[in-house]
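Let me begin by presenting the structure, written as structure tokens, before commenting on it.
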Amino acid sequence: MEYTVQKLGLLASVSTRTLRYYDEIDLLKPARINSSGYRIYGQQEVDRLQQILFYRELGVSLEEIKEILDSPTFDAERALREHREKLLERRAQLDALIANVDLTLAQREGTSTMTDKQKFEGFKQKMIDENEDKYGAEIRAKYGNEQIEKSNQKVKGMSEDQYVALEKLNEELHETLAQAFSTGDPAHELAQKAADLHRQWLSFYWDSYSKEAHAGVAQMYVDDPRFTAYYDKEQPGVAEFLREAVVIYTSK
């Protein structure tokens, strides 16, 4: 079956403007242009659009999607299985948050009680799932499944006070790091304070701390472009600056 750009847009709940843009950036080209100048899409384009929308739902950029789909090693069936796994993880995360909201409402209505620990179960699971989704493969390869599972269990066991403290510590770390970066000196007092705050932040997740592992994580921030982008989102070079500060901190 073939579709015009308008019919395909209606079928997939995507605007015609979006489909035209996908054509412009060579992400989704029509199968042909008919004698009237209309874009015509066939089954192959429909299947590709489905893959595009799956990846978009999972937060993948258009540039990355194009690279994935155009790769000679792309396997559509394997991709669908991976989409399914990711969506099941997201459903589990949403189910946990919904259950948390339901229990909170029941407590407010006086029909149930809720411990402080239960109030944050959904949010802690969300934190774990997001970290697994973004960096799971890399950190498991580097530190091993056992260490990562211990870290996840530690997060799940956080009290309300610990959870709040972690959020505040993260804010303080980024504020201090920004101030330290402006000095340009990773050995500066502020930079070393940022490195120590980073150690404290890691300790919320790690079963035990070591200087070698700390330095290894800081190096990963430079080696992995996703970590680099996270720290460099405000100012380029922050990830490398933090790495240098941690190297100095852990060499003492």
Can you find a side-chain donor-acceptor pair between S61 and E64 that sits under 3.5 Å? yes
Could you list the residues that satisfy side-chain hydrogen bond (donor to acceptor under 3.5 Å, both in side chains) with R243, not counting sequence neighbours? Q219
Group every Ile, Leu, Val, Met, Phe, Trp and Tyr by side-chain heavy-atom contacts under 4.5 Å, then state whether L197 and I248 land in the same group. no
Is the closest side-chain donor-acceptor distance between R199 and Y249 under 3.5 Å? yes
Evaluation steps, salt bridge (charged side-chain N to carboxylate O under 4.0 Å, His left out), between D70 and R48: CA-CA 10 Å; D70 289 345; R48 185 176 172 97; 2.9 Å; yes
E2: side chain to side chain contact (heavy atoms under 4.5 Å, CB included) partners, not counting sequence neighbours: R32, I40
Would you call the rings of F227 and Y221 parallel, tilted or perpendicular, where under 30° means parallel and over 60° means perpendicular? tilted
Grab the two heavy atoms, one from L202 and one from V217, that are nearest each other, plus how far apart they are. CD2-CG1, 4.4 Å
If only side-chain N and O atoms count, and only distance matters, is there a donor-acceptor pair under 3.5 Å linking D47 with Q43? yes
Within the 6.0 Å centroid threshold, strictly below: F241 and F181: yes
What one should report as the nearest heavy-atom pair of L177 and Y231 is CD2-CD2, 4.0 Å
Using a distance-only test with no angle check, is there a side-chain donor-acceptor pair under 3.5 angstrom linking H83 and E57? no
Of all heavy-atom pairs linking I65 and R56, the shortest is CD1-CD, 3.5 Å
Using a strict threshold of under 4.0 Å (side-chain N to carboxylate O), is an ion pair present between R39 and D23? yes
Does E240 reach the main-chain N or O of G237 with its side chain, forming a donor-acceptor pair under 3.5 Å? no
Y21: side chain to side chain contact (heavy atoms under 4.5 Å, CB included) partners, not counting sequence neighbours: E24, I25, L62
Identify whether L173 and L166 are in the same connected component of the hydrophobic contact network (ILVMFWY, side-chain heavy atoms under 4.5 Å). yes
What heavy-atom pair brings Q51 and A76 nearest, and what distance separates the two atoms? NE2-O, 3.5 Å
Got a salt bridge between E77 and R81, using NZ or NE/NH1/NH2 to carboxylate O under 4.0 Å? yes
